[in-house]
There are 2 protein chains.
Amino acid sequence: MTGTRGYHHGDLRRALLAAAVEAIDEASPTALSLRDLARRAGVSHAAPAHHFGDKAGLLTALAAEGFNLLAEALETADDLLAAGVAYVDFAVRHRAHFEVMFRPELYRADDAELIAARGRSGAALRSGVARLSSDDASADTDRDALAAWSIAHGFATLWLAGALPDRVGTDPHDAARTVLRRLFD
Amino acid sequence: MTGTRGYHHGDLRRALLAAAVEAIDEASPTALSLRDLARRAGVSHAAPAHHFGDKAGLLTALAAEGFNLLAEALETADDLLAAGVAYVDFAVRHRAHFEVMFRPELYRADDAELIAARGRSGAALRSGVARLSSDDASADTDRDALAAWSIAHGFATLWLAGALPDRVGTDPHDAARTVLRRLFD
DNA sequence: GTGGCATCTTGTCAATGGCAAGATAAGATC
DNA sequence: GATCTTATCTTGCCATTGACAAGATGCCAC
């Protein structure tokens, strides 16, 4: 924790995570360099190792943070459409976290904290679907949740990859709403 | 081209691409090493540079090959649901290609051959949607194409990332069909 | 104030991507 | 058939990186 007052830096762990987000925003998780993070934080090249062990450790922490942020975003959504839009919004606004979260080869997928955070996200998503389909006896909640997750995740991923045609526009929020309605209406 | 008879190897370009697929299948595009590919092909560490310039050049070629393969897969699909399932099948069966294709930071997105191949894929997808909605005057083809692409892409991506719960099963073909029907019916 | 501990630094190593310069063989031209 | 040209591949090199080991530094409990 600690406020900011630092001696051996203060809160290097947090500073490194912030620097990681910054670095990934400028490039990609692939291009991330621990030594670059250390330089950004003004510490020696081996300092990160103490807090995260290795690169995978740092990305594990980043992914866990991301799943927690995503859960929060989903939990505040009123209905399923809003949750879908919130999902896309999250991906765009937290690109760095999002790109790491769904690339498990970059981190330790068996980390306890990460699993807990991912569980929180999943529960938030599922509850959104269940709430919507509770008045429809014929609904298959599992399938609907998977479909909703897929379309939101797919749109977000394609958007981030720059794979969508220009005609989709420049506002991911509006574009996502339009597309997601195709499934949710 | 050339059959296989080689002197300076024969067809190193193709061999390196094949080795790249193999290596990515074993790990990920991130972990790909040009020197490892060279070792797999039995050539010196600098040989790949001549054919692809650098790592991005090799991945550009791989992505272009992938978009062409995807276009072929989509073109043989009879209806939109089949195309969606074919999309997921492609992603699973050609994971290496697929993972590179949608990570433009890994290659040169302005490459002419790549743009052509990607255009082929896009046209195949769009024509599938247009065919389906031609009898529905109220249809918004652009939106429908985007929704179809998103849900197929999202499902494929989540599947490959191992993010889906176990209960979805082990056969991506069946699971995809079930989920995609939620949109296409 | 002393010992213990977390934190950070310095030094080192193997591996990688990329460049430059050179070797080798295939094909073209005469 | 000899020579020139070009594509292909090799050797050697350098800066950067991730990881490890050993040591320094400052905080805290007792």
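Worth knowing before you read on, the calculation uses all heavy atoms, side chains too, and leaves out hydrogens, waters and symmetry mates. Chain letters run A, B, ... following the sequence lines, proteins first and then strands; every chain starts at 1.
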Open item on the list: Less than 6.0 angstrom separating the ring centers of B/His94 and B/Phe98, yes or no?
Closed with: no
TODO: Taking only the side-chain heavy atoms of B/His50 (C-beta and beyond), determine which of D/dT8, D/dT17, C/dG18 contains the nearest atom.
DONE: D/dT8
Task: Side chain of B/Lys55 (C-beta onward), nearest among C/dG17, D/dG18, C/dG11 - done: C/dG17
Hey, does [X] reach any base, or is it just sugar-phosphate, or nothing, if we go heavy atoms under 4.0 Å?
X: B/Ala49; answer: nothing
X: B/Leu32; answer: sugar-phosphate
X: A/His45; answer: base
X: A/Leu58; answer: nothing

Open item on the list: As an exercise, state the distance from CZ of A/Arg143 to CZ of B/Arg181, rounded to the nearest 0.5 Å.
Closed with: 8.0 Å
Open item on the list: What I'd like to find out is whether the side chain of B/Trp159 reaches to under 4.5 Å of the side chain of B/Val168, using heavy atoms alone.
Closed with: yes
- [ ] Evaluate the side-chain proximity of B/Val179 to B/Val88: yes if any heavy-atom separation is below 4.5 Å, no if none is.
- [x] no
I need the [atom1]-[atom2] distance between [X] and [N], as an integer number of Å.
X: A/Leu37; N: D/dT16; atom1: CG; atom2: P; value: 16 Å
X: B/Tyr107; N: C/dG17; atom1: OH; atom2: C1'; value: 21 Å
X: A/Phe52; N: D/dG18; atom1: CZ; atom2: P; value: 14 Å
X: A/Leu34; N: D/dC20; atom1: CG; atom2: C1'; value: 13 Å
X: B/Leu59; N: C/dG17; atom1: CG; atom2: P; value: 10 Å
X: B/Arg13; N: D/dA7; atom1: CZ; atom2: C1'; value: 14 Å

With a 4.0 Å limit, can you tell me whether [X] has a side-chain N or O closer than that to the phosphate oxygens OP1/OP2 of [N]?
X: A/Ser33; N: D/dT17; result: yes
X: A/Arg39; N: D/dT16; result: no
X: A/Arg35; N: C/dT9; result: no

Task: DNA chain C contacts made by residues 20-31 of chain B, counting heavy atoms under 4.0 Å - done: none
Task: Which residue lies more 5' along DNA chain C, comparing A/His51 with B/Asp54 via nearest heavy atoms - done: A/His51
Open item on the list: Can you tell whether the side chains of B/Asp54 and B/Arg108 come within less than 4.0 Å, N to carboxylate O?
Closed with: yes
- [ ] Before accepting this row, confirm whether a basic side-chain N of the pair B/Arg95/A/Glu105 lies closer than 4.0 Å to the acidic partner's carboxylate O.
- [x] no
Task: Heavy-atom closest contact (B/Trp149 atom, A/Ala163 atom, distance) - done: CH2-O, 3.5 Å
